[in-house]
Amino acid sequence: MTIVVFDIDGVVRDVGGSYRRAIADTVEHFTATAYRPTPVDIDILKSEGIWNNDWEASQELIYRHFEAQGQPRNQINLDYKTLVDFFQSRYRGPDPNTMTGYICQEPLLMPNAYLASLTDAGIAWGFFSGAMRAEATYILEGALGLSAPVLVAMEDAPGKPDPTGLFAAVAQLEQRHESPELTPVIYVGDTVADIYAVGKAKEQQPDRLWLGVGVLPPHIQQASPERRQAYRDNLNQAGAVTVLDGVQELTPAVIRELIIGH
């Protein structure tokens with residue numbers, strides 16, 4: 001048996017027009033329209049491997065903008081809760097209890113049938129994401145039609161690259177499927193932080209086989225060949241055993257090959 005854990009953003013759903021758009025909106029708002037980060041700016045920040053939380057990423061881009069103008073960050077009047085509320089008003093919508101924002105416009109990157117093919121092959125699967133639980137559930141159960149999948153979300157564990165949430169997802173899957181001890185685990189993600197989490201999992205639990213599989217998110221799939229290669233190189237350098245153009249390329253046959261090859 002093999003366990004596959006998926007990140008959600010950029011893997012299960014396209015967030016180029018939602019989370020990333022909300023980052024740009026937030027930075028633009030709190031810099032008084034002086035700076036709106038481009039997709040490349042956001043990718044460069046996230047390639048550092050520590051900005052998986054998009055609220056914190058927005059805050060950091062704002063700080064760096066003002067620092068470039070010669071203003072120390074400890075003198076910048078930026079209230080984090082106000083920033084989060086603004087971000088959420090764009091991403092989730094003005095009413096936090098009703099999803100009406102950018103989240104409603106996220107294309108799915110995998111069909112339910114893809115996950116069914118993994119189940120048919122005896123592969124257990126679940127999700128570990130830095131998204132809030134309500135937002136992850138909106139996609140997994142609402143859009144994808146899953147019934148109570150294993151999900152470790154923002155509220156459940158520290159942010160990546162900390163592997164605590166990955167361990168929790170694996171433990172839940174092992175319990176649900178009564179799998180043997182030390183089942184091989186593949187974690188699928190689209191950022192350096194995702195792959196770093198696998199490296200840290202290896203350090204803490206070296207007796208288990210941990211494999212990080214990178215996926216190019218849609219906005220990179222549509223970019224220039226040079227930018228695609230640079231993004232691929234970043235994931236490889238972070239420790240990915242392979243980088244796929246899309247999550248559905250991770251078929252049961254490819255999964256078997258990866259396990260056998262390592």
Side-chain angles (χ1 to χ4, degrees), residues 7-73 76-80 82-93 101-109 129-131 135 139 159-161 189-196 214-238 240 243-247:
D7 179 33
I8 294 177
D9 303 334
V11 177
V12 177
R13 61 181 171 188
D14 180 356
V15 296
S18 56
Y19 269 128
R20 285 171 171 265
R21 183 179 174 189
I23 290 174
D25 285 359
T26 302
V27 175
E28 184 177 48
H29 177 79
F30 287 97
T31 60
T33 73
Y35 171 49
R36 183 177 180 86
T38 67
V40 174
D41 294 336
I42 296 170
D43 285 339
I44 289 172
L45 182 76
K46 286 186 172 282
S47 72
E48 296 175 11
I50 56 173
W51 305 109
N52 190 66
N53 182 308
D54 287 336
W55 302 335
E56 295 175 357
S58 301
Q59 177 181 246
E60 184 64 18
L61 286 168
I62 295 164
Y63 279 148
R64 293 187 188 187
H65 165 76
F66 285 114
E67 285 178 331
Q69 312 304 312
Q71 186 175 352
R73 65 175 61 198
I76 299 168
N77 184 21
L78 181 62
D79 181 73
Y80 185 68
T82 302
L83 180 152
V84 170
D85 288 345
F86 180 88
F87 184 106
Q88 290 300 97
S89 75
R90 293 297 191 270
Y91 179 71
R92 190 180 286 201
Y102 298 157
I103 189 173
C104 300
Q105 305 165 23
E106 294 174 332
L108 287 173
L109 301 175
S129 171
E135 295 162 3
I139 294 299
K160 292 171 278 189
D190 70 318
T191 67
V192 167
D194 295 328
I195 306 303
Y196 280 171
V215 172
L216 299 184
H219 75 281
I220 293 297
Q221 294 174 28
Q222 299 156 11
S224 67
E226 294 78 14
R227 191 160 167 230
R228 286 200 303 273
Q229 189 58 50
Y231 200 98
R232 188 183 299 273
D233 290 344
N234 278 338
L235 293 174
N236 282 325
Q237 290 164 11
V243 179
L244 307 175
D245 289 332
V247 67

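Keep in mind that this is a model prediction, so the values were computed, not measured.
Partners of Arg232 according to the side-chain hydrogen bond (donor to acceptor under 3.5 Å, both in side chains) rule, which considers only residues two or more places apart in sequence or in another chain, are Asp245. Take Ile103 and apply the side-chain contact (heavy atoms from CB on, under 4.5 Å) test, not counting sequence neighbours, and it matches Arg13, Tyr91, Met99, Glu106, Glu135, Tyr138. Residues that satisfy the ring-ring contact (aromatic ring centres under 6.0 Å, His included) test with His219, not counting sequence neighbours, are absent from this structure. With sequence neighbours left out, Tyr196 forms a ring-ring contact (aromatic ring centres under 6.0 Å, His included) with no residue at all. Listed by chain and number, the residues in a side-chain contact (heavy atoms from CB on, under 4.5 Å) with Thr38 are Val40, Asp41 (sequence neighbours excluded). The side-chain contact (heavy atoms from CB on, under 4.5 Å) check on Ala34 picks up Thr31, His65, with sequence neighbours excluded. Leu61 meets the side-chain contact (heavy atoms from CB on, under 4.5 Å) test with Ile23, Val27, Tyr35, Pro37, Ile42, Leu45; sequence neighbours excluded. Checked against side-chain hydrogen bond (donor to acceptor under 3.5 Å, both in side chains), Gln221 has no partners two or more places apart in sequence or in another chain. Judged as a side-chain hydrogen bond (donor to acceptor under 3.5 Å, both in side chains), and not counting sequence neighbours, the contacts of Asp79 are Thr82. Partners of Tyr231 by ring-ring contact (aromatic ring centres under 6.0 Å, His included), not counting sequence neighbours: none found. Thr191 pairs by the side-chain hydrogen bond (donor to acceptor under 3.5 Å, both in side chains) definition with Asp194, not counting sequence neighbours.
No side-chain heavy atom of Ile220 sits under 4.5 Å from any side-chain heavy atom of Asp190. Within the 4.5 Å cutoff, no side-chain heavy atoms of Lys160 are placed close to those of Asn53. Looking at Tyr19 and Tyr102, their side chains never come closer than 4.5 Å, going by heavy atoms from C-beta outward. In this structure, the side chains of His29 and Arg90 stay at 4.5 Å or more apart for every pair of heavy atoms. The closest side-chain heavy-atom distance from Pro39 to Arg227 is below 4.5 Å.
The distance from atom CZ of Arg228 to atom CG of Leu216, rounded to the nearest 0.5 Å, is 8.0 Å. Between the CZ atom of Phe30 and the CG atom of Leu83 there is a distance of 5.0 Å, given to the nearest 0.5 Å. Here the OG-CD1 distance, from Ser18 to Ile139, works out to 8.0 Å after rounding to the nearest 0.5 Å. The CG atom of Asp25 lies 14.0 Å from the CZ atom of Arg20; values are rounded to the nearest 0.5 Å. Summarising the geometry, atom CZ belonging to Phe87 is positioned 9.5 Å from atom OH belonging to Tyr80; distances are rounded to the nearest 0.5 Å. Considering OH of Tyr63 and CD1 of Ile76, their distance stands at 6.5 Å, rounded to 0.5 Å.
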Given Val215 and Leu109, is the side-chain contact (heavy atoms from CB on, under 4.5 Å) satisfied, shown in steps?
CA-CA 11 Å; Val215 172; Leu109 301 175; over 6 Å; no
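Nearest approach of Gly10 to Val15, heavy atoms of both residues: N-CG2, 4.1 Å. The shortest heavy-atom contact between Asp9 and Ser129 is OD2-OG, 4.4 Å. Closest non-hydrogen pair, Gly214 versus Ala240, comes out as N-CB, 4.0 Å. In terms of heavy-atom proximity, Ile44 sits nearest to Ser47 at O-OG, 2.6 Å. The shortest non-hydrogen separation linking Val192 to Gly49 is CG1-CA, 3.8 Å.
The pair Glu48-Arg64 counts as a salt bridge, with a side-chain nitrogen and a carboxylate oxygen less than 4.0 angstrom apart.
Among residues at least two apart or in separate chains, salt bridge (charged side-chain N to carboxylate O under 4.0 Å, His left out) pairs with a member in residues 49-59 are Lys46-Asp54.
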